[in-house]
**Q** 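Structure provided below as structure tokens; questions to follow.
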Amino acid sequence: MSLTFASWNINSIRTRAHLVKDWLDRNEACTLLCLQEIKCEAHQFPPLFEEAGFHVAVAGQKAYNGVALISRAPLTITTDHLPGFESDEARYIEAELDDVTIGNLYLPNGNSGGEAGFAKKLNFFDALYHRARALQQGGRSFAFIGDYNVCPTDEDYAPKALSPDDALLHPESRAGFRRLLWSGLTDALRCLHPTGQHYTFWDYQAGAYQRNSGLRIDHALLSPRLADRLTSFTIDKDERGRDKPSDHVPVVVKLDTAQSSHE
DNA sequence: ATGCCATCCCGCGGATGA
């Protein structure tokens, strides 16, 4: 069957629960929404989604980070942390939806905390690579979607939107992303739109959105069989223009019906 | 120019974000 799923760094779900609910109501084809930076613990997650019939799974923590899944279909949670990422920070939750495994991730920014902070970012990339290998070896179709906090190439950020030494541009950050591609994953946006500016984040400061001074940092990486089913990747840029928006916008992946195997 | 803006915390300014 076809499958549509999405990712949105919401920058506090308690502040923007109504925006998410409105978005879900206008995007009925979206089966699963992956959220990052919910910035609360599970018991603080707004109840309106479950009250409206959605299935909700939360890996939360106080004040910072936190990821969640909001689904129209029942989910099986496989893990609420990324194996091999040695941290208590809530940055990963993974679920099975039919025959597809979805990993929802919030990668460390890497600009704070000095060398240890940047090492944490690289550690997450390394753990994600090993998670990909494990899922591949288990024969699973999977997608890693979320806020990767990396601009993969110079085409993925507006001139002067970041300082040249920013952790989002660091060669080792980009190498971590490329290593996932080399393991066989497909960058869904670049598969369909090989060139051009396709930003997913605009800073709150200095009129970045009005100047289109953005970044492409929210990505979906697809395993080979899912990449074969990819039909569209859309960036819901209009959400950035709403009242009190997140600084990120939703990205939506559509997959066609799986082909049945012959012989 | 490392601020501009926005979130969180049992706040009264600081850490974090990217």
Side-chain angles (χ1 to χ4, degrees), chain A residues 7-20 34-46 58-68 85 87-92 104-125 128 145-177 189 197-219 235 237 239-251:
Chain A
S7 172
W8 195 359
N9 179 320
I10 198 60
N11 186 19
S12 171
I13 186 60
R14 288 178 294 175
T15 299
R16 280 177 259 285
H18 59 292
L19 282 181
V20 174
C34 302
L35 297 173
Q36 304 89 36
E37 284 206 87
I38 63 169
K39 294 189 172 179
C40 67
E41 296 177 288
H43 71 271
Q44 301 171 302
F45 198 88
V58 177
Q61 71 179 80
K62 185 181 284 191
Y64 298 115
N65 309 315
V67 290
F85 178 60
S87 169
D88 292 334
E89 295 176 349
R91 293 181 175 275
Y92 189 82
N104 171 19
L105 64 105
Y106 174 49
L107 224 134
N109 174 303
N111 280 308
S112 66
E115 283 188 30
F118 188 64
K120 185 169 65 182
K121 178 171 198 164
L122 299 183
N123 173 232
F124 194 106
F125 266 121
L128 196 60
I145 189 168
D147 178 358
Y148 283 71
N149 266 320
V150 62
C151 303
T153 75
D154 285 346
E155 199 172 15
D156 295 316
Y157 71 104
K160 298 176 186 169
L162 292 172
S163 120
D165 60 349
D166 195 284
L168 279 63
L169 308 178
H170 196 286
E172 289 187 81
S173 303
R174 288 174 163 180
F177 188 82
L189 179 118
Q197 294 177 352
H198 299 275
Y199 303 141
T200 65
F201 165 95
W202 295 263
D203 200 287
Y204 288 120
Q205 302 182 85
Y209 182 61
Q210 289 71 21
R211 296 183 293 114
N212 195 28
S213 179
L215 313 175
R216 184 174 83 95
I217 52 178
D218 299 276
H219 310 298
I235 299 170
K237 184 175 180 180
E239 282 299 317
R240 187 63 180 78
R242 291 168 71 92
D243 189 43
K244 301 285 283 183
S246 170
D247 38 8
H248 298 248
V249 297
V251 299

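Lettering follows sequence order; numbering is per chain, from 1. The analysis underlying the following values was restricted to heavy atoms, covering all of them including side chains, and did not include hydrogens, waters or symmetry mates.
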**Q** Grab the CG-C1' distance between A/D165 and B/dT2 for me, whole Å please.
**A** 11 Å
**Q** Consider only side-chain N and O atoms of A/E37 and A/N9, and report whether a donor and an acceptor are under 3.5 Å apart.
**A** yes
**Q** Picking from B/dA18, B/dC9, B/dT7, which would you name as closest to the side chain of A/L215?
**A** B/dA18
**Q** When rounded to the nearest 0.5 angstrom, what is the spacing between CG in A/D243 and CZ in A/R16?
**A** 10.0 Å
**Q** Atom CZ of A/R16 to atom C1' of B/dC8: distance rounded to whole Å?
**A** 12 Å
**Q** Please tabulate, one pair per line, each protein N/O and nucleotide N/O from nucleotides 14-17 of chain B that are separated by under 3.5 Å, including the distance.
**A**
| from | atom 1 | to | atom 2 | distance (Å) |
| --- | --- | --- | --- | --- |
| B/dA15 | N3 | A/Y64 | OH | 3.4 |
| B/dG17 | OP2 | A/S112 | OG | 2.4 |

**Q** Between atom CZ in A/F201 and atom P in B/dA6, what is the gap in whole Å?
**A** 12 Å
**Q** Expressed as a whole number of angstroms, how long is the span from A/Y199:OH to B/dA18:C1'?
**A** 14 Å
**Q** Considering only NZ, NE, NH1 and NH2 on the basic side and carboxylate oxygens on the acidic side, decide whether A/D154 and A/R174 come within less than 4.0 Å.
**A** yes
**Q** For A/R14 and B/dC9, what is the distance between atoms CZ and C1' respectively, to the nearest whole Å?
**A** 10 Å
**Q** Roughly, in whole Å, what's the span from CZ in A/R240 to P in B/dA6?
**A** 9 Å
**Q** Measure the distance from CD1 on A/I10 to P on B/dA6 and round it to the nearest whole Å.
**A** 15 Å
**Q** Tell me yes or no: between the side chains of A/S163 and A/D166, is some donor less than 3.5 Å from an acceptor?
**A** no
**Q** Tell me if a side-chain donor or acceptor on A/N149 pairs with a main-chain N or O of A/L107 at a distance below 3.5 Å.
**A** yes
**Q** Suppose you measure atom P in B/dA1 against the same atom in B/dA15; what distance do you get, rounded to whole Å?
**A** 22 Å
**Q** State, without any angle test, whether A/K39 and A/N11 hold a side-chain donor-acceptor pair at a distance under 3.5 Å.
**A** yes
**Q** B/dC5 phosphate, OP1 or OP2: any side-chain N/O from A/K244 under 4.0 angstrom?
**A** no
**Q** Base, sugar-phosphate or nothing for A/L162? Non-hydrogen atoms, less than 4.0 Å.
**A** nothing
**Q** Counting N and O atoms only, with roles assigned by atom type, does the side chain of A/S173 sit under 3.5 Å from a partner on the main chain of A/V150, one being a donor and the other an acceptor?
**A** no
**Q** Can a donor-acceptor pair be found, under 3.5 Å and without considering hydrogens, that links the side chain of A/Q36 to the backbone of A/G146?
**A** no
**Q** Taking the six-membered ring for Trp, are A/Y148 and A/F177 ring centroids under 6.0 Å apart?
**A** yes
**Q** Just the atom pairs and distances: protein N or O near nucleotides 10-13 of chain B's N or O, under 3.5 Å.
**A**
| from | atom 1 | to | atom 2 | distance (Å) |
| --- | --- | --- | --- | --- |
| B/dC10 | OP2 | A/K62 | NZ | 3.3 |

**Q** Taking B/dA6 as the reference, what is the distance to B/dG11 when you measure between their C1' atoms (whole Å, please)?
**A** 15 Å
**Q** Please report the distance separating the C1' of B/dT2 from the corresponding atom of B/dC12, rounded so that it comes out in whole Å.
**A** 24 Å
**Q** Please state whether the phosphate of B/dA6, meaning OP1 or OP2, lies under 4.0 angstrom from any side-chain nitrogen or oxygen of A/T15.
**A** no
